[in-house]
Amino acid sequence: MITNLGEITIEDGVIVRIDPDKKGPLVALPGLVDLHTHLREPGREDAETVESGSRAAALGGYTAVCAMANTSPVADTAGVVEQVWRLGREAGLVDVQPIGAVTVGLGGEQLAELGAMADSAARVRVFSDDGHCVHDPRLMRRALEYVKAFDGVIAQHAEEPRLTTGAQMNEGDVAARLGLTGWPAVAEEAIIARDVLLAGHVGARLHICHVSTAGSVELIRWAKSKGWRVTAEVTPHHLLLTEDLAVDYDPVYKVNPPLRTEADVLALRRGLQDGTIDCVATDHAPHSVEDKECEWAYARPGMLGLETALAIVVQTMGPQWDRIADWMSAAPAKIAGLAGHGHPLQVGQVANLTIFDPDARWTVDPTALASRSRNTPYAGMELRGRVEATYLRGEPTVLNGKATR
Ligand SMILES: NC(=O)N[C@@H](CC(=O)O)C(=O)O
Ligand SMILES: [Zn+2]
Ligand SMILES: [Zn+2]
């Protein structure tokens, strides 16, 4: 089959020709890769399934997503990660790469069978207790030592739980005014400081999930200057939104780590621009209506991200297409060790790609999203730029802004 996308020609799933003079107004990017997605299956299929989340991902321009382990049962054995991997293949909309839990049941007490997950059909290379912090420093050290043997990586949700008990939003003036318990920046920074030291000591790879504070950016910059193998991600929402949105107690803005201050947002953008932060990851966190549309204190933290990520990154960082290809495709593919993803658009490469219309305007309608949940913080917002088409190994998963299956 030969497909002609303006300047790019695909044949049998491979890019066979690029004619720069045929370049039109649309932007072609390598298929996006999300390092941090919650697909909720098994266990919370009411909020999302591998299939619905895969469709949301394809519509957002993704060709691969890494599925977080905080499912029920937890993805802490070869059996569960293989199940998620198989469900991803059946859905066939994106490559679903399971992340394995670091500890049994995310309990933080006993290492999970990391080697068995690595050797399974799912070939797990990224391990995370996301949702929870691997709190015990000795266990963290052992996890880093263990994955070093097969060049795996520990992705840490950096949150010192003793400093965030009962926390509801960023600690500061706004929380004080609203009467909500604060989640201080130091709770994130203290764990990052500890873990970059551990990663340096062990010589293993550490990845920091959803970096949210200016101080965290400084610590990661310092760790990288030491030559330690540390990478980091930022979410689209932490690049745009601030704590002030909590004023009306709308729990759609409740998220972990919390939305921070304008100064943090600007530091995160600078950190991404100067390479301190390696990539953008969505932390797509679907939650059911019961879990989300209730009082702030009872609502689960988390927001949708897959279908809006690219437009938000273009809005916050500008149309720097080569950098965006790095932040949202090459860098996350490299961190996750995903062969066949993240390569530049060149003749001879597998045709995983995204066609983006930078001028299309659309209004986010939570009920029109492919996700089974509707907890988007961008409801009613007009966004500029939309994914027109997504190709996975040359096959369209999205055409004219609609999923093909
Ligand atoms: N980000 C969130 O607020 N929630 C995530 C967990 C997490 O990423 O820590 C979830 O699983 O809902
Ligand atoms: Zn997390
Ligand atoms: Zn998460």
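Worth knowing before you read on, the calculation uses all heavy atoms, side chains too, and leaves out hydrogens, waters and symmetry mates. For ligands, and for the atoms within them, numbers begin at 1 and follow the listed sequence. Residues take their numbers from the sequence shown, with the count starting at 1.
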Inset, instruction - For ligand 1, note which part of Met68 has a heavy atom under 4.0 Å away: side chain, backbone, both or neither. - result: neither
Inset, instruction - Ignoring hydrogens and angles, state whether a donor on the side chain of His210 or Asp130 is under 3.5 Å from an acceptor on the partner side chain. - result: yes
Legend entry - Arg44 near ligand 1 by a heavy-atom separation under 4.0 Å: no
Inset, instruction - Could you tell me whether Glu159 approaches ligand 1 through its side chain, its backbone, both or neither, with non-hydrogen atoms closer than 4.0 Å? - result: neither
Inset, instruction - Measure Arg300 to ligand 1 on non-hydrogen atoms and call it side chain, backbone, both or neither using the 4.0 Å cut-off. - result: neither
Inset, instruction - Report the member of Asn256, Asn375, Asp130 with the shortest heavy-atom distance to atom 7 (C) of ligand 1. - result: Asp130
Legend entry - Region of His287 engaging ligand 1 - heavy atom pairs below 4.0 Å: side chain
Inset, instruction - For side-chain contact (heavy atoms from CB on, under 4.5 Å), just list the numbers for Glu41 and Glu48, CA-CA rounded to whole Å, side-chain angles, deciding distance to a tenth of an Å, and then say yes or no. - result: CA-CA 7 Å; Glu41 190 175 1; Glu48 200 75 288; over 6 Å; no
Inset, instruction - Could you verify whether a donor N or O on one side chain and an acceptor N or O on the other, from Thr213 and Arg260, lie under 3.5 Å apart? - result: no
Inset, instruction - Look only at interatomic distance and state if Gly302 has a nitrogen or oxygen under 3.5 Å from any nitrogen or oxygen of ligand 1. - result: yes
Inset, instruction - Drop me the distance from Leu111's CG to Phe127's CZ, to the nearest 0.5 angstrom. - result: 10.0 Å
Inset, instruction - Determine how many protein N/O/S atoms sit closer than 2.8 Å to the Zn ion (ligand 3), leaving waters out since they are not shown. - result: 4
Inset, instruction - Using distance alone, determine whether Val255 and ligand 1 share an N or O pair under 3.5 Å. - result: no
Inset, instruction - Kindly say whether Lys402 contributes a backbone atom to a donor-acceptor pair with the side chain of Asn400 at under 3.5 angstrom? - result: no
Legend entry - Close approach, His132 and ligand 1, non-hydrogen under 4.0 angstrom: no
Inset, instruction - May I ask you to check whether His135 and Glu160 show a side-chain donor-acceptor distance below 3.5 Å? - result: yes
Legend entry - Interatomic spacing from SG in Cys66 to NE2 in His207 - rounded to 0.5 Å: 9.0 Å
Legend entry - Top protein contact for atom 10 (C) of ligand 1, by heavy-atom distance: Arg40 NH2, 3.3 Å
Inset, instruction - Specify side chain, backbone, both or neither for Met303, according to which of its non-hydrogen atoms lie closer than 4.0 Å to ligand 1. - result: neither
